[in-house]
Amino acid sequence: MLPQILLPRAEALAIAAALYGSVALGTQDAPNGKVDILEFVDPLIGTSNGGHVFAGATLPFGMAKAVADTVGENQAGFAWDTSVVTGFSHMHDSGTGGSPSLGNFPIFAQPACPNDDINQCKWQQTDRAVAWEKDSVVANPGYFSIALANGVKAEMTTTNRSALYRFTFDGSSESLSPVILVDLMDLPQSRTNGTAAVDPNTGRLTGNGTFSPSFGIGNYDLHFCVDFKGADLRDTGVWSKNRANFTVEKVKVTADGVDSPATLSVGTFARFKSPANNTMMARVGVSFMSVSQACANAEREQPDFDFDGTVAAAKSAWRKKLDVISVDAEGVSKDLQEVFWSGAYRAMISPQDYTGENPLWKSDEPYYDSYYCIWDSFRSIHPLLTLLDPVSQSLMMRSLVDIYRHEGYFPDCRMSLCKGYTQGGSNADVLMADAYLKKVPGIDWDTAYEGVVKDAEVEPRNWDVEGRGGLHSWKGLGFIPTDDFDPYGTGTHTRSISRTVEYAYDDFCVAEMAKALGHESDYEKYLERSGNWINMFKADQKSSINGVDTGFTGFLQPRYINGTWGSQDPIFCSPLLDFTSCYLNPDGHETYEGSAWLYTFYAPHDMGSLVTALGGAKEFAKRLTFLHESGLLYVGDEQAFLTIYQFHYAGRPALSAKYSHFYIPSQFNTTYAGIAGNDDSGAMGSFVVLSMMGLWPVPGQDVYLITPPYFKELSITNSLTGKVSTIRNVNFDSSYKSIYIQSAKLNGKPWSKNWLTHDFFIEGGVLELELGEKESQWGTHVEDLPPSLSDYP
Ligand SMILES: *[C@@H]1O[C@H](CO)[C@@H](O)[C@H](O)[C@H]1NC(C)=O
Ligand SMILES: *[C@@H]1O[C@H](CO)[C@@H](O)[C@H](O)[C@H]1NC(C)=O
Ligand SMILES: *[C@@H]1O[C@H](CO)[C@@H](O)[C@H](O)[C@H]1NC(C)=O
Ligand SMILES: *[C@@H]1O[C@H](CO)[C@@H](O)[C@H](O)[C@H]1NC(C)=O
Ligand SMILES: *[C@@H]1O[C@H](CO)[C@@H](O)[C@H](O)[C@H]1NC(C)=O
Ligand SMILES: *[C@@H]1O[C@H](CO)[C@@H](O)[C@H](O)[C@H]1NC(C)=O
Ligand SMILES: *[C@@H]1O[C@H](CO)[C@@H](O)[C@H](O)[C@H]1NC(C)=O
């Protein structure tokens, strides 16, 4: 196990050393200066109002994620806007939509059974739900604690594959006889088969179950192993619904049993004598492989049930991850600092390292899971990881290539060892191109290239879970028709507009790799297909809001197979009109989770053509301003991110800075409802970090759009090369009136381009930005603009 976990990292470092000569990974446990950056991390941000952020204890990218499970929007187990807790479980996802994720095998503690009668304890989920105390919740990296109305305080922490719970009981020790149960349940109530057993001599609880993923197809098996410390065992048994029995040691439920629906609450328990200091511990190992591996994981990672030591190790792991960034926070409010560091923290909760825990195939490659979903994560999470943790980014990309090897396609979404739903294009293509251009080490590029070409060429049988649908039309017509005829595979025939523009950009990313890898004819082919977005552009299309013409002409519109235009109101699926009509279901529409207004801006590879199509730079900036000012844009969906910075392409980098501050902190703040939309595995968190760093990465390109950081100065240490990159604001103004770049210097030399490349982060350097209160000429000339396939008008 351990060598399996460590080997890929060691390999990545060896490759990095070969590539870059020196490798400096040494980071100290002591935070920079006197301030502990973890004090600026609040895991409760985004736990209310649909943020679905995981608030519990986890290591960076850890598989074990322990938290209290509540009733309500419990996608990540705990949500602030709830009132009762039903248990504590050991695995979760963070920020996701779809069904609640994981939450398998919750344990639950009671101080004693009334009248010492085991049948008067609360057993099934509906009965045991108990109020939690709002002011009791403490959440910080590696630690979560909560007090319940039944007199139990539960604290939890984790290692990579096990959780450790410390229960403290109210009340006099004479009346204490704690009961701890495990339930064969999961959060989405998806269990089919399950077994649970208890060892009457030790109190060890073990078992397994078969469950469904929360946003995908198929099922997965999971195993658990619970051990106790701190109290003498009194008796053990099995429970089902609201009854318990001491003599039985095993219980089994099957999908085919009429009495065993997925909602059946059933499991085992152990009862204890009064513990010393009213405190005892439960250690839970988890594994996708077997019960014995679940037990071994826990025994190896937490041999001593050392609660405080485990918390300290987790904090140290988080500090190491975050210490690569240092900021001069002079004048910056504590709230904004919290928004920043909490965002960085949330970007490192997933994907999760399941290396050695993948029963589906044998491989020496790393295995990461909870790419949930790449449609969300390619835009900001992976670009941020490439900056802050390129070693993990390398392991993740290798894992994706290995998934391609064994499943036949890259995923666009994946969780719990299962294929997740594709929302648009095949956006792993963007990830691969991005990693290639940014020289992420250790990746088998030939296989990666084979994978992206397969996305572009071979339609899968079920294109709802991998690859692309409508490829026949894509290659023949150059767009996805709204009435597509597609006998070559099955999938959800919606989103013709958004799929077309995403396929076009995905093909551009394939073209970039083709060129770099010397596949010249492929390059020509995919470059040509990358121009297909224009085929859905209806040049004379107008758009009105409440009957008033917006004054802009030319929007993406649906088309039929015969080439004639269909129609979807350009504002449809925006917050102004039927916003919720465009989700991933068979009666969805032509655009996905956004309007034609929004998708009309998506041609990141050919902004010259797009600016021309929209009437030139002035008109483009006017239209983009309207998008942000009119209420047409919801910043809580990831396609919105790039539009905030696209003013750069119209020679108006000042407006990008302005709109960055328009959304931060008004939509991203320290309240528990303080993120727009679901966090989507840290997408919102990484958006805010990249925005505040002042370098917006255009995913799939070696391009960072420059705006001033929200700090006086900010540095990033590249953990592969050891080099430091510093961005410094001259005339920094923490009231953010002076947010317009007047002039810039890169390593002491004037820099007039409004973008730079990843070399800055590989080689290190200093970018100095002189700020002022007014928009200047800096970065506004055609020669200052980011790369585009076609010339700018
Ligand atoms: C946890 O896993 C990470 C890799 O995901 C590894 O670097 C780290 O050493 C592991 N921690 C422990 C305590 O095994
Ligand atoms: C559940 O177990 C039965 C046999 O006990 C087996 O036939 C069935 O395939 C299992 N279901 C799943 C989803 O694993
Ligand atoms: C679950 O555990 C039971 C009892 O040990 C075993 O018979 C069964 O094969 C296990 N199921 C899975 C899916 O591992
Ligand atoms: C517990 O289960 C055993 C074995 O099935 C049974 O003989 C006994 O009557 C049960 N006891 C109670 C209290 O249900
Ligand atoms: C109980 O608490 C005391 C004082 O904090 C401590 O010294 C002792 O080790 C604790 N005992 C146990 C069994 O935890
Ligand atoms: C094209 O197809 C659409 C949808 O079937 C139909 O409404 C339209 O009349 C057709 N146009 C022509 C020119 O055939
Ligand atoms: C905090 O962010 C949320 C979510 O975007 C927003 O609804 C709320 O108005 C913001 N609160 C403040 C005080 O800015």
Side-chain angles (χ1 to χ4, degrees), residues 42 44-53 80-81 95 104 113 116-121 123 184 186 188-195 197-198 200 207-213 216-223 235-262 264 266 268-269 271 288 333-336 338-340 342-343 346 359-360 416-418 575 628 631 633-638 640-641 644 660-680 683-685 687-688 691 736:
D42 185 351
L44 293 171
I45 295 173
T47 57
S48 189
N49 207 28
H52 301 172
V53 163
W80 185 259
D81 41 3
N104 325 68
C113 298
D116 206 31
D117 173 3
I118 198 76
N119 277 315
Q120 291 187 39
C121 259
W123 297 103
L184 289 176
D186 65 337
Q189 301 197 320
S190 75
R191 183 202 62 230
T192 48
N193 296 339
T195 63
V198 55
N208 59 27
T210 302
F211 303 92
S212 303
I217 58 169
N219 54 51
Y220 66 95
D221 293 330
L222 190 68
H223 310 264
D235 38 35
T236 61
V238 161
W239 61 274
S240 177
K241 296 185 186 168
N242 57 3
R243 282 287 172 267
N245 182 309
F246 292 118
T247 51
V248 182
E249 291 169 20
K250 268 196 185 111
V251 59
K252 183 175 171 194
V253 290
T254 50
D256 36 354
V258 280
D259 294 329
S260 310
L264 173 70
V266 60
T268 51
F269 69 90
R271 183 162 68 164
F288 287 100
S333 71
K334 182 162 186 289
D335 272 5
L336 265 181
E338 262 186 39
V339 165
F340 180 79
S342 304
R346 295 204 305 276
L360 301 177
S416 311
L417 304 166
C418 293
H628 293 291
L633 187 72
Y634 175 55
V635 77
D637 270 319
E638 289 72 14
F641 295 168
I644 298 167
S660 173
H661 286 273
F662 178 78
Y663 292 109
I664 303 169
S666 73
Q667 299 290 308
F668 298 89
N669 51 58
T670 54
T671 67
Y672 297 165
I675 56 175
N678 305 148
D679 197 38
D680 290 326
M684 298 294 143
F687 163 74
V688 98
S691 294
Y736 303 116

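Read the numbers this way: they start at 1 and go in the same order the structure lists the ligands and their atoms.
Close approach of ligand 2 to Asn193 (heavy-atom distance below 4.0 Å) involves ligand atoms 1 (C), 2 (O), 3 (C), 8 (C), 10 (C), 11 (N), 12 (C), 14 (O). Close approach to Thr210 involves these atoms of ligand 2, each under 4.0 Å from a residue heavy atom: 13 (C), 14 (O). Residue contact check: Thr192 has heavy atoms under 4.0 Å from atoms 13 (C) of ligand 2.
With hydrogens and angles ignored, the 3.5 Å screen pairs a side-chain donor or acceptor of Asn678 with a backbone N or O of Gly50.
Here the CG atom belonging to Leu184 is positioned 7.0 Å from the CZ atom belonging to Phe211, to the nearest 0.5 angstrom.
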Walk me through it: do Asp235 and Arg271 pass the test salt bridge (Lys or Arg N to Asp or Glu O under 4.0 Å)?
-> CA-CA 5 Å; Asp235 38 35; Arg271 183 162 68 164; 2.9 Å; yes
Check the pair Phe668, Ile45 against side chain to side chain contact (heavy atoms under 4.5 Å, CB included), reporting the backbone distance first and the verdict last.
-> CA-CA 9 Å; Phe668 298 89; Ile45 295 173; over 6 Å; no
Determine, stepwise, if the pair Phe269 / Phe246 fulfils side chain to side chain contact (heavy atoms under 4.5 Å, CB included).
-> CA-CA 9 Å; Phe269 69 90; Phe246 292 118; 3.8 Å; yes
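Between the side chains of Asp221 and Thr210, a donor-acceptor pair is found at a separation under 3.5 Å. Under 3.5 Å, the side chains of Asp335 and Ser333 contain no donor-acceptor pair of N or O atoms.
By the 3.5 Å distance cut-off applied to N or O atoms, Thr671 is not counted among the residues near ligand 7.
For ligand 4, the 4.0 Å heavy-atom shell takes in Asn245, Thr247, Val248, ordered by chain and residue number.
Ring centers of Phe687 and Tyr663: at least 6.0 Å apart, outside the cut-off.
By the criterion of a heavy-atom distance under 4.0 Å, the backbone of Ile675, and not its side chain, is placed next to ligand 7. Only the side chain of Asn219 comes within 4.0 Å of ligand 2, counting heavy atoms alone; its backbone N, CA, C and O stay farther away.
The shortest non-hydrogen separation linking Asp680 to Glu638 is OD2-OE2, 2.6 Å.
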